[in-house]
Amino acid sequence: MSSGSTNPANTGNTGATSQTANTSASTITGTSNSGTQGPMQTAQQRDAARIDPANVELMRRAGESSREKRKKTFLFPLRIQNDLDFLAKIFRRAPGSTVYFHDHPPETSVILPCLPSGGTYRQDIFIDSLSMDWDERVEAAHRTISNEWFSKFNKVRGPSIANWVSSFRNNHPSEIIGDYYGSFNWSCRVLFKDGVEWLVRFPVPGQIMDGDEKLRREVAVMRLVRQKTNIPVPKVHAWGLSNDNPLGLGAFIVMEYIQGECLGHLWRVGLKERILRPDISERDLRTVYRQIAGFYLELSKLEFPNIGSLSIRDDQSIHSELGPLTLKMQEIEAHGGVKVGGNRSETFLSAREYFEYVAKQDMGQLDEQPSSIDDANDARAKYKFRHQFNAIIPRFIADEHNQISFRLLCDDFRYGNMIINNARELKIIAVIDWEWAYAAPYQMFCSAPRWLLIKNPVHWATPKGSEFDRYNSCLQLFLDELELEESERNKDKPHKEKLSDLMRKSLSDGKFWFHELIYDSFTSPDNPAWKAVCDIQPSFEDLAPMLEPDLDEFVERKMKQLAAYKAECRARGLSVEAES
């Protein structure tokens, strides 16, 4: 059993409460709303329903393969009719679906779980692209693993979990009053008899590929950030790996519950688009940006001798001595079935070494995942894209920063992982979800922020369109606030290299776009980041000459893999893309 400081990653530790129940129900198709009438489920019905593992998986995937775009009808508890995050997931994964908020579904509906009486529900999963080439066999296998975990969870949810959490607080009486479900974790909100609230969070097997490794790295990051910076992080009361959990639910973190609002939910457009609202005032943007600028400067003080994930030694000192565990590695294994990154114990002493390591991960996914291509033309395009990207890596290395001391970077740093006190003051009272944080190349830390518009740049329509124009406007505001913060903190160091200048430079020299390709997974050759890179380096094709026999051999091999994959999926009754 361990104790330390970390965060409630991906659990929506936002102080969200249940939606107010009433007697009306809504049917939502696309973006239109029409009121219907239907009786609510009773508390007894909700308790009886509990959490069906198969239905929880439907929450995670929210429909069939996006490539088939099959329409579905979904039934939800009335209480979550205003949960924009959850509904947005449905509309992206199953366009045109119908959503009901009552307990009289059509015969074709898919019934999703209702939490026990008094429970709450949060959902924060997004699919930015509908063209991801996921492996349906892998999805099915991980679904089975998740279902097994939820079966265990159902058996102990309630007094068993509450009593176990109470053991970390001198057995003070408690009860579970809510559940939170994110991309990777399930959490329970625990209320003690004296009014104190905690949160216990479990990485869900099948959704997290290695809960123990993820959590031990995360704990080290959160402890360091809490001890060495002024960034607000929830206090952790206890944590442990799978062998430390007597309930058999795997790795866990027990932490304080933060009452507040999720900034990402407040600033998102709504159901169908994961994009920043256009009506946010400049004053509000500057208020938030000034605080985040301070967080960047706090993190810049943490320097590491190599690139890697953090770990806590027996003497409780923290070092970057584990191989970096990134969100990209997690997603490739979770949805493509390819474990990339070798044994994940290797650290790196230069940005170039690391970028080449990441490029091998993308090539490994393309090469080893049978469903990584759609057809022969797609295979050719992706093979060329990957080889050309590998060839241009040296051109995007900042020589002056290649081997400089490295900085802490979090792949999931965004508005959605910031909790504010209220919508008027916009004071950030907690930054959560540090599970994909690691010591990274300094040039990545100094790149212009990718989270300003919520939608990541690699998913914009074009590299120079309206999204870029709006991004650039937000970036100027952020850099203004960063410069003000730098001036305040560096009065005694007027000639110190400024983070704000380096962020500006990353846009002009193309590193901003190059880093997007380092972050992203399942990336198609026609993505805007690659288009931007090609515009900056028009002679890139000369750097990566390819022999036609090698290309032909790759295409032939991938087409055989794809045919065998489709045949196996059909035999197992799994969804596959229609024949070209």
- prompt: Side chains of His142 and Met209: closer than 4.5 Å at any heavy-atom pair?
  reply: yes
- prompt: Would you call Lys214 and Glu333 a salt bridge, taking side-chain N to carboxylate O under 4.0 Å as the test?
  reply: no
- prompt: With no hydrogens and no angle check, is any side-chain donor or acceptor of Asp244 less than 3.5 Å from a backbone partner on Leu241?
  reply: yes
- prompt: For the atom pair OH (Tyr180) and SG (Cys188), what is the distance rounded to the nearest 0.5 Å?
  reply: 10.0 Å
Evaluation steps, side chain to side chain contact (heavy atoms under 4.5 Å, CB included), between Thr347 and Phe304: CA-CA 11 Å; Thr347 60; Phe304 304 89; over 6 Å; no
- request: Considering only NZ, NE, NH1 and NH2 on the basic side and carboxylate oxygens on the acidic side, decide whether Arg313 and Asp315 come within less than 4.0 Å.
  value: no
- request: Could you label the plane-to-plane angle of the Phe445 and Tyr296 rings as parallel, tilted or perpendicular, counting under 30° as parallel and over 60° as perpendicular?
  value: tilted
task: Please step through side chain to side chain contact (heavy atoms under 4.5 Å, CB included) for the pair Glu481 and Gln291, ending with a clear verdict.
output: CA-CA 9 Å; Glu481 297 304 316; Gln291 296 173 76; over 6 Å; no
message: What I want to check is whether the side chains of Arg169 and Ser167 have a donor and an acceptor closer together than 3.5 Å.
response: no
field: Contact check, side chains of Asn456 and Arg414, non-hydrogen atoms, under 4.5 Å
entry: no
task: State, without any angle test, whether Tyr438 and Asp411 hold a side-chain donor-acceptor pair at a distance under 3.5 Å.
output: yes
message: Check this for me: Lys228, atom NZ, are more than 12 non-hydrogen atoms of other residues, nucleotides or ligands nearer than 6.0 Å?
response: no
query: Is any side-chain heavy atom of Ile307 closer than 4.5 Å to a side-chain heavy atom of Ser320?
result: no
- prompt: Do the side-chain N and O atoms of Asp412 and Asn417 include a donor-acceptor pair separated by under 3.5 angstrom?
  reply: yes
message: With rounding to the nearest 0.5 angstrom, report the CD1 to OG distance, Ile318 to Ser311.
response: 8.5 Å
message: Here's a test for you: under ring-ring contact (aromatic ring centres under 6.0 Å, His included), which of Phe202, Phe252, Phe153 qualifies with Trp186?
response: Phe153
query: Is the closest side-chain heavy-atom distance between Leu327 and Phe184 below 4.5 Å?
result: yes
- request: Might you point out which heavy atoms bring Cys474 and Leu452 nearest each other, and give the distance in Å?
  value: C-CD1, 4.2 Å
- request: Would you name the heavy atoms of Trp451 and Phe413 that are closest together and state the gap between them?
  value: CD1-O, 3.5 Å
message: Testing the basics here: between Leu499 and Glu486, what is the closest heavy-atom pair and its distance to 0.1 Å?
response: N-OE2, 2.8 Å
- prompt: Taking all non-hydrogen atoms of both residues, which atom of Lys152 and which atom of Gly248 are closest, and how far apart?
  reply: CD-O, 3.7 Å
query: Are any of the side-chain heavy atoms of Trp267 and Leu426 separated by less than 4.5 Å?
result: yes
message: One pair to check against side chain to side chain contact (heavy atoms under 4.5 Å, CB included): Ile454 and Ile275. What are the steps and the verdict?
response: CA-CA 5 Å; Ile454 299 180; Ile275 194 71; 5.7 Å; no
- request: Please name the pair of heavy atoms, one in Glu175 and one in Ala162, separated by the smallest distance, quoted to 0.1 Å.
  value: CA-CB, 3.9 Å
- prompt: Between Tyr519 and Trp436, does the ring centroid distance fall short of 6.0 Å?
  reply: no
query: Nearest 0.5 Å, what's the CD1-CD1 distance between Ile432 and Ile258?
result: 9.0 Å
query: Got a sec, which residues hit side chain to side chain donor-acceptor pair (under 3.5 Å) with Ser309, two or more places apart in sequence or on another chain?
result: Arg217
query: Got a second to check how far Tyr289's OH is from Glu485's CD, nearest 0.5 Å?
result: 15.5 Å
task: Would you please test Asn422 and Glu261 for side chain to side chain contact (heavy atoms under 4.5 Å, CB included) and show each step?
output: CA-CA 6 Å; Asn422 58 63; Glu261 296 183 58; 4.2 Å; yes
Electrostatic pair Arg216:Glu213 at N-O distance under 4.0 angstrom: yes
- prompt: How many angstroms lie between OG1 in Thr287 and CD1 in Ile420, if you round to the nearest 0.5 Å?
  reply: 10.5 Å
message: If the test is side chain to side chain contact (heavy atoms under 4.5 Å, CB included), which one of Glu435, Met222, Arg201 qualifies with Ile253?
response: Arg201
task: Please determine, by modelled atom types, if His237 and Glu256 share a side-chain donor-acceptor pair under 3.5 angstrom.
output: no
statement: Rounded to the nearest 0.5 Å, the CD1 atom of Ile292 sits from the CD1 atom of Ile231 at a distance of 10.5 Å
query: Quick one: does Ser166's side chain have a donor or acceptor within less than 3.5 Å of a partner on Pro173's backbone?
result: no
- prompt: What residues, two or more places apart in sequence or in another chain, satisfy side chain to side chain donor-acceptor pair (under 3.5 Å) together with Ser300?
  reply: none
task: May I have the step-by-step check of salt bridge (charged side-chain N to carboxylate O under 4.0 Å, His left out) for Arg157 and Asp179, ending in yes or no?
output: CA-CA 10 Å; Arg157 189 199 181 279; Asp179 293 76; 2.4 Å; yes
message: Are more than 12 heavy atoms, taken from residues, nucleotides or ligands other than Asp279, located less than 6.0 Å from that residue's CG atom?
response: yes
query: Side chains of Glu218 and Trp239: closer than 4.5 Å at any heavy-atom pair?
result: no
task: Would you mind reporting whether Arg407 and Leu299 have side-chain heavy atoms less than 4.5 Å apart?
output: no
message: Hydrogens and angles aside, do Glu303 and Ser405 bring a side-chain donor and acceptor to less than 3.5 Å of each other?
response: yes
field: Sub-4.5 Å side-chain heavy-atom contact between Leu482 and Leu297
entry: yes
- line: On a heavy-atom basis, the closest approach of Pro203 and Gly211 is CB-CA, 4.2 Å
query: Donor-acceptor pair, Asn245 side chain versus Leu247 backbone, under 3.5 Å?
result: yes
